[in-house]
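Order of the sequence lines fixes the chain letters, A, B, ..., with proteins taken first and strands second; residue numbering starts at 1 for each chain. Values reported hereafter were calculated over all heavy atoms of this structure, with side chains retained and with hydrogens, waters and symmetry mates removed.
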Amino acid sequence: MEFNFTVTGGDFISAGHASSEVKKVLQKLNVDPKITRRIVVALYEAEVNIVAHAYSGTIKASIDTEKITLVLDDEGPGIPSIEQAMQEGFSTASEKVREMGFGAGMGLPNMSKNADELNITSDVNKGTRVEIITWLNNKAKA
Amino acid sequence: MLTTFAATISLKTNLNIVSMEIKSLLAHTEGNLITTQISEDIVFENAFASDLMSDVLTLDASNTILITGLANLQTIRTAEMSDIECVIIGRNKKVTPDMLELAIKSNICLIESPFSVFKISGILYQNGIKPLY
């Protein structure tokens with residue numbers, strides 16, 4: 001099954017809506033609550049990143065019996081150095097983002113910790129693609 | 001007052017942990033329960049105090065209370081994603097209508113307290129609630 005969402009940059013009122021919907025689906029599918037938490041925490045961090053940094057984005061959630069694949073595409077400034085962005089404490093977030101409780105440079109490391117596979121590609125001044133894959137039956141990190 | 005309400009803290013001797021019910025939480029923090037349809041049977045074992053939501057999202061524990069001074073919608077979203085069932089907002093910060101609506105949808109107990117985050121943390125710690133780190 002597949003679910004698609006759109007995300008608007010700067011819209012902190014709606015930020016987290018897609019993550020919330022995906023969580024409800026996983027709960028209905030009786031996915032282990034610990035695995036569900038890892039999935040939605042990684043997705044929420046990625047969703048907030050689009051709201052915080054990009055102009056707009058889409059989220060595609062594909063679920064089969066073995067895994068969930070989340071693909072987040074955004075149009076935005078991109079990430080000049082993914083290696084640097086993966087370091088804890090590195091952040092380019094605005095003051096507004098920090099006021100919302102984010103922007104401490106923990107988002108990407110936290111996504112990495114909670115995903116079984118995390119793939120990030122980015123073009124500066126174009127946008128970023130984040131792919132998060134998590135196995136649903138304790139195959140990997142859970 | 002603490003002595004009076006100490007009796008309401010349930011001691012789970014078989015698990016050797018102290019848990020705190022919502023009624024006790026309200027008494028100890030002089031809190032105001034904002035959400036109403038929360039089960040009073042919920043018991044809490046751990047608490048985490050932070051205004052940094054990415055820090056909260058690193059938690060991996062159940063029966064946890066979030067104590068925070070950050071009163072916005074993302075506080076509730078973060079609790080929802082982290083399976084946190086109770087959020088105490090310190091220093092008389094007010095819960096907004098959209099926070100309340102989301103908390104109700106997500107079955108999250110919301111408490112406003114006049115005390116500082118530090119004082120709430122100290123009181124809960126003193127009454128057996130465990131830190132996560």
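- Residue Phe12(A) comes nearest to Gln74(B) through the heavy atom pair O-NE2, 2.6 Å, listed as atom of the first residue, atom of the second, then distance.
- Sparse packing is recorded around CZ of Phe118(B), with 12 or fewer heavy atoms of other residues, nucleotides or ligands lying under 6.0 Å away.
- Residues Glu99(A) and Asn72(B) approach most closely at O-ND2, 3.6 Å, considering heavy atoms.
- Neither the backbone nor the side chain of Thr68(B) comes within less than 4.5 Å of any heavy atom in chain A.
- Under the 4.5 Å side-chain heavy-atom criterion for ILVMFWY residues, no single connected hydrophobic cluster contains both Phe90(A) and Met111(A).
- Contacts from residues 48-57 of chain B to chain A, taken as heavy-atom pairs separated by less than 4.5 Å, involve Asp51(B), Leu52(B), Met53(B), Ser54(B), Asp55(B), Leu57(B) in sequence order.
- Hydrophobic clustering (side-chain heavy atoms under 4.5 Å, transitive across Ile, Leu, Val, Met, Phe, Trp, Tyr) groups Leu70(B) together with Ile13(A).
- Here the options are Asn114(A), Val41(A), Asn110(A), the test is side chain to side chain contact (heavy atoms under 4.5 Å, CB included), and the partner is Thr58(B); only Asn110(A) passes.
- With a 4.5 Å cut-off on non-hydrogen atoms, Leu43(A) does not touch chain B at all.
- Note on Met106(A) and Ile132(A): separate hydrophobic clusters, where clusters join Ile, Leu, Val, Met, Phe, Trp and Tyr whose side-chain heavy atoms are under 4.5 Å apart, directly or indirectly.
- Between Asp60(B) and Arg37(A) the shortest heavy-atom distance is OD1-NH2, 2.7 Å.
- The neighbour count for Glu131(A) CD, taken as heavy atoms of other residues, nucleotides or ligands under 6.0 Å away, is above 12.
- For CD of Glu83(A), the number of neighbouring non-hydrogen atoms (other residues, nucleotides, ligands) closer than 6.0 Å is 12 at most.
- Annotation: Arg98(A), atom CZ; neighbour count of heavy atoms from other residues, nucleotides and ligands within 6.0 Å is above 12.
- Cluster annotation: Leu25(B) and Tyr125(B) are assigned to distinct hydrophobic clusters (Ile/Leu/Val/Met/Phe/Trp/Tyr, side-chain heavy-atom contacts under 4.5 Å, transitive).
- If you measure heavy-atom distances from Ala71(B) to chain A, you find no contacts under 4.5 Å at all.
- The minimum heavy-atom distance linking Glu80(B) with Ser20(A) is given by the pair OE2-OG, 2.5 Å.
- Counting heavy atoms of neighbouring residues, nucleotides and ligands inside a 6.0 Å radius, atom NZ of Lys28(A) does not exceed 12 of them.
- Taking all atoms of both residues into account, the shortest heavy-atom contact from Ala15(A) to Arg77(B) is O-NE, 3.3 Å.
- Under the 4.5 Å side-chain heavy-atom criterion for ILVMFWY residues, no single connected hydrophobic cluster contains both Ile133(A) and Leu70(A).
- The residue among Thr36(A), Ile39(A), Val40(A) with the most heavy atom pairs within less than 4.5 Å of chain B is Val40(A).
- The existence of a salt bridge linking Lys34(A) and Asp83(B) is excluded, since no basic side-chain nitrogen approaches an acidic carboxylate oxygen closer than 4.0 Å.
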